[in-house]
Novice: 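What follows is a structure written as structure tokens; I'll ask about it next.
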Amino acid sequence: MSQGTAAGDSAPATMRAVVVTRPGGLDALEIKDVLVPVRKPGWVRIRVKAFGVNESEVTTRKGESDAEVTYPRVPGIEGVGVVEEADGASGLQPGQQVATMMGNMGRSFDGAYAQYVTVPAAQVIPFETSLPWEVVGALPEMFQTAYGSLTTGLGLREGQTLLIRGGTSTVGLSAATSAKDLGATVLSTTRSPGRAGELTAVGVDHPLVDDGTLADQVRALLPDGVDAALELVGCSVLADTLRTVRRHGTVCFTGALAGQWTIPDFTPFMIPSGVRLTSYAGEAADLPADVFARQLQAIAEGRLKVPVAKVYHGLEQVRDAQADLESGTTPGKHVVVLDD
């Protein structure tokens, strides 16, 4: 791993970044020379080595985000790289490997589609690994969401059964590998029978084809229902997901891949008696450094698999990455690496 610029050294005056000046199609992703961001007190400047490409960044590019997103904007809600400059009190050292994500990064302030990014120190996770940047770059947002859903959201324990609805999404694939590492039995869904093998490849015990109604399929395998369910498809199927869970089991609502975030005329009595419904929407602070370190070690040892769809090199390929992400033809994370 190459080292970052030492504290106190001068960063370049300008950098290359992908900038969205107006909402639009892929041509709205413009590569520009812009000023290197000035680090504010309590913030960290990171030399970006790699970043994952996410649906929320497509939403930002299209102008479909909420009002907190303003333009012009450098997108990118996550990134990995090395510390270029930080406050001494932060405990971060120049050249140290770090990950960052969320916290309105790439939304109300500029994100990781650039050679440098500045973020609050509270959303920086230090790590040490010899894994390549394209692997580490796939992890922060995906693993934070999956890990937080399984732990904070569901309290999943060894020996329990878990249903993942939306299993071929990046979070779904990451959740499956993490749940297996925890010792759970995993049921996971795909809408396409031809993609069941992708679930088996990451350790899923029971791949299920989701035709909109899962409760009967799950109950055929587990008459009492699963202990826990991770909802990634959204409110359009939530009522059915609730019926897959045993009494005193839990459903965690984390995502809405189908686009429906609300339920018209919702009534609490749609929740089966004794079934618990919760949600998860976390930040970088929800992924402790020691937990991230354990996952990196598990990946290095081959115990966990990283679902990387494709690796792209350079900011010039960001348009390709977003286009491939939107097509949905390749499962896993799309990662852009900034080569030296």
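Everything numeric in this text was worked out from a predicted model, so none of it was measured. Excluded from the calculations below are hydrogen atoms, water molecules and symmetry mates; all remaining heavy atoms, backbone and side chain alike, are included. Residue numbers count from 1 along this sequence.
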Novice: Are I271 and L163 joined in one hydrophobic group, where the rule is that I, L, V, M, F, W and Y side chains link up if heavy atoms are under 4.5 Å apart?
Specialist: yes
Novice: Once rounded to the nearest 0.5 Å, what's the spacing between atom CG of L162 and atom NE2 of H206?
Specialist: 12.0 Å
Novice: Let me see the working for L173 and L199 under side chain to side chain contact (heavy atoms under 4.5 Å, CB included), right down to the final yes or no.
Specialist: CA-CA 7 Å; L173 294 168; L199 301 177; 4.2 Å; yes
Novice: Are V53 and V74 joined in one hydrophobic group, where the rule is that I, L, V, M, F, W and Y side chains link up if heavy atoms are under 4.5 Å apart?
Specialist: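 Per the 4.5 Å side-chain linkage, V53 and V74 are co-clustered.
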Novice: Taking distance alone, no hydrogens or angles, what donor-acceptor pairs closer than 3.5 Å link side-chain atoms of residues 222-231 to residues at least two apart or in another chain?
Specialist:
| unit_1 | atom_1 | unit_2 | atom_2 | d |
| --- | --- | --- | --- | --- |
| D227 | OD1 | R246 | NE | 2.5 |
| D227 | OD2 | T161 | N | 2.7 |
| D227 | OD2 | T161 | OG1 | 3.1 |
| E231 | OE1 | T241 | OG1 | 2.5 |
| E231 | OE2 | V233 | N | 2.8 |
| E231 | OE2 | G234 | N | 3.2 |

Novice: Mind checking the OG1-CD spacing from T129 to Q295? Nearest 0.5 Å is all I need.
Specialist: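 T129 OG1 to Q295 CD: 10.5 Å, rounded to 0.5 Å.
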Novice: What is the minimum heavy-atom distance between G155 and Q160, and which atoms define it?
Specialist: O-OE1, 4.0 Å
Novice: Check R294 with E301, please: is the shortest side-chain N to carboxylate O separation under 4.0 Å?
Specialist: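 No, E301 and R294 are not salt-bridged.
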Novice: State the CZ-SG distance between F253 and C235, to the nearest 0.5 angstrom.
Specialist: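 It is 4.0 Å, given to the nearest 0.5 Å.
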Novice: Measuring from L296:CG to Q97:CD, what's the distance to the nearest 0.5 Å?
Specialist: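 Nearest 0.5 Å value for the CG-CD distance: 9.0 Å.
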Novice: Following the transitive rule for hydrophobic clusters with a side-chain heavy-atom cut-off under 4.5 Å over Ile, Leu, Val, Met, Phe, Trp and Tyr, establish whether V218 and I164 coincide in one cluster.
Specialist: no
Novice: Between A138 and V308, which heavy-atom pair has the shortest distance, and what is it?
Specialist: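 Looking at all heavy atoms of both residues, the closest pair is CB-CG2, 3.9 Å.
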Novice: Between D211 (side chain) and T213 (backbone), is there a donor-acceptor pair under 3.5 Å?
Specialist: yes
Novice: Begin from the C-alpha positions of E84 and R39 and carry the test salt bridge (charged side-chain N to carboxylate O under 4.0 Å, His left out) through to its verdict.
Specialist: CA-CA 10 Å; E84 198 268 341; R39 186 185 67 85; over 6 Å; no
Novice: Answer yes or no: is there a donor N or O on one side and an acceptor on the other, between the side chain of R61 and the main chain of Q322, under 3.5 Å?
Specialist: no
Novice: Taking D240's backbone N and O only, do any of them form a donor-acceptor pair with T244's side chain (distance below 3.5 Å, no angle check)?
Specialist: no
Novice: Taking ring pair (Phe, Tyr, Trp, His ring centres under 6.0 Å) as the test, write out the residues that go with F292, two or more places apart.
Specialist: F127
Novice: May I ask you to test the M105-Q123 pair for a side-chain heavy-atom distance under 4.5 Å?
Specialist: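 Answer yes - side chains close enough.
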Novice: Passes side chain to side chain contact (heavy atoms under 4.5 Å, CB included), L139 versus I299? Steps please.
Specialist: CA-CA 11 Å; L139 298 176; I299 294 167; 3.7 Å; yes
Novice: Short question: side chain of S108, backbone of V69 - any donor-acceptor pair under 3.5 Å?
Specialist: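 It does not hold such a pair.
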Novice: With a 4.5 Å heavy-atom cut-off, do L232 and R165 have their side chains touching?
Specialist: no
Novice: Could you tell me whether the side chain of D324 reaches within less than 4.5 Å of the side chain of K310, counting heavy atoms only?
Specialist: yes
Novice: Given V58 and L325, is the side chain to side chain contact (heavy atoms under 4.5 Å, CB included) satisfied, shown in steps?
Specialist: CA-CA 9 Å; V58 174; L325 175 65; 3.9 Å; yes
Novice: If you count heavy atoms of other groups shown closer than 6.0 angstrom to CD of E158, is the number above 12?
Specialist: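 No, not enclosed.
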Novice: Which heavy atom in G79 sits nearest to a heavy atom in P140, and how many Å separate them?
Specialist: O-CG, 4.4 Å
Novice: With a cut-off of 3.5 Å and sequence neighbours excluded, list every side-chain donor-acceptor pair involving residues 177-185.
Specialist:
| unit_1 | atom_1 | unit_2 | atom_2 | d |
| --- | --- | --- | --- | --- |
| T177 | OG1 | S174 | O | 2.9 |
| S178 | OG | S174 | O | 3.1 |
| K180 | NZ | A184 | O | 3.4 |
| K180 | NZ | D205 | OD1 | 3.1 |
| K180 | NZ | D205 | OD2 | 2.8 |
| D181 | OD1 | R303 | NH1 | 2.9 |

Novice: With sequence neighbours left out, write down each residue that passes side chain to side chain contact (heavy atoms under 4.5 Å, CB included) with P126, or none if nothing qualifies.
Specialist: L92, Q96, V98, A289
Novice: Just distance, no hydrogens or angles: give the donor-acceptor pairs under 3.5 Å from side chains in residues 254-264, sequence neighbours left out.
Specialist:
| unit_1 | atom_1 | unit_2 | atom_2 | d |
| --- | --- | --- | --- | --- |
| T254 | OG1 | S149 | OG | 2.8 |
| Q260 | NE2 | T262 | O | 3.0 |

Novice: Apply side chain to side chain donor-acceptor pair (under 3.5 Å) to R47 and Q115, showing your working.
Specialist: CA-CA 6 Å; R47 184 182 180 189; Q115 292 177 300; over 6 Å; no
Novice: Taking the side chain from S169 and the backbone from G166, do they hold a donor-acceptor pair closer than 3.5 Å?
Specialist: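 Yes; at least one donor-acceptor contact below 3.5 Å.
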Novice: Under 4.5 Å between any side-chain heavy atoms of P37 and M15, yes or no?
Specialist: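 P37 reaches M15 side chain to side chain.
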Novice: For A114 and L315, work out which heavy atoms get closest and say how close.
Specialist: N-CD2, 4.2 Å
Novice: Under the criterion side chain to side chain donor-acceptor pair (under 3.5 Å), I'd like the reasoning laid out for Y147 against D286: C-alpha separation, chi angles, the key distance, then a yes or no.
Specialist: CA-CA 9 Å; Y147 175 80; D286 293 333; over 6 Å; no
Novice: For residues L187 and V204: do they belong to one hydrophobic cluster (side chain heavy atoms under 4.5 Å, members Ile, Leu, Val, Met, Phe, Trp, Tyr)?
Specialist: no
Novice: For a 4.5 angstrom cut-off between non-hydrogen side-chain atoms, does L221 reach L208?
Specialist: yes
Novice: Keeping the roles fixed (side chain from T189, backbone from V209), state whether a donor-acceptor pair exists under 3.5 Å.
Specialist: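 Side chain of T189 to backbone of V209, a donor-acceptor pair under 3.5 Å: no, none is there.
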Novice: F51 versus V337: any side-chain heavy-atom pair under 4.5 Å?
Specialist: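 The answer is no, as the side chains (C-beta and beyond) never meet within the 4.5 Å cut-off.
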Novice: Looking at every heavy atom in both F143 and L287, which two are closest together, and how far apart are they?
Specialist: CE2-CD1, 3.5 Å
Novice: In this structure, are over 12 heavy atoms from other groups packed under 6.0 Å from D216 atom CG?
Specialist: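 Counting neighbours around CG of D216, 12 or fewer heavy atoms of other residues, nucleotides or ligands fall under 6.0 Å, so no.
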Novice: Can the ring centres of W43 and F109 be said to be less than 6.0 Å apart?
Specialist: yes
Novice: Please give me the minimum heavy-atom distance between P12 and Y116, naming the atom from each residue.
Specialist: CD-OH, 3.4 Å
Novice: Is a donor on one side and an acceptor on the other found under 3.5 Å between the side chain of D210 and the backbone of G212?
Specialist: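 Checked: pair present.
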Novice: Can you confirm whether I77 sits close enough to E141 that some side-chain heavy atom of one is under 4.5 Å from a side-chain heavy atom of the other?
Specialist: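 Yes, their side chains come closer than 4.5 Å.
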Novice: Does the Q317 side chain pair with the main chain of H313, one donor and one acceptor, at a distance under 3.5 Å?
Specialist: yes
Novice: Any side-chain donor paired with an acceptor under 3.5 Å for N54 and E57?
Specialist: yes
Novice: How far apart are the C-alpha atoms of Y113 and R73, what are their side-chain angles, what is the distance that settles it, and do they pass the side chain to side chain contact (heavy atoms under 4.5 Å, CB included) test?
Specialist: CA-CA 10 Å; Y113 281 24; R73 178 63 58 224; over 6 Å; no
Novice: If you round to the nearest 0.5 Å, how far is CZ of R45 from OG1 of T118?
Specialist: 8.0 Å
Novice: Just so I know, are the side chains of V117 and V119 near enough to count as touching, which here means a heavy-atom distance under 4.5 Å?
Specialist: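 Yes. Closest side-chain heavy atoms under 4.5 Å.
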Novice: Could you go through residues 20-35 and list every donor-acceptor pair under 3.5 Å that involves a side-chain atom there, pairing it with any protein atom two or more places apart or in another chain?
Specialist:
| unit_1 | atom_1 | unit_2 | atom_2 | d |
| --- | --- | --- | --- | --- |
| T21 | OG1 | E30 | OE2 | 3.2 |

Novice: May I ask you to say whether E78 pairs ionically with K333, meaning some side-chain N is under 4.0 Å from a carboxylate O?
Specialist: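 A salt bridge links E78 with K333.
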Novice: Do V80 and M102 sit in one hydrophobic cluster, given that two such residues count as connected whenever their side-chain heavy atoms are within less than 4.5 Å of each other, even indirectly?
Specialist: yes
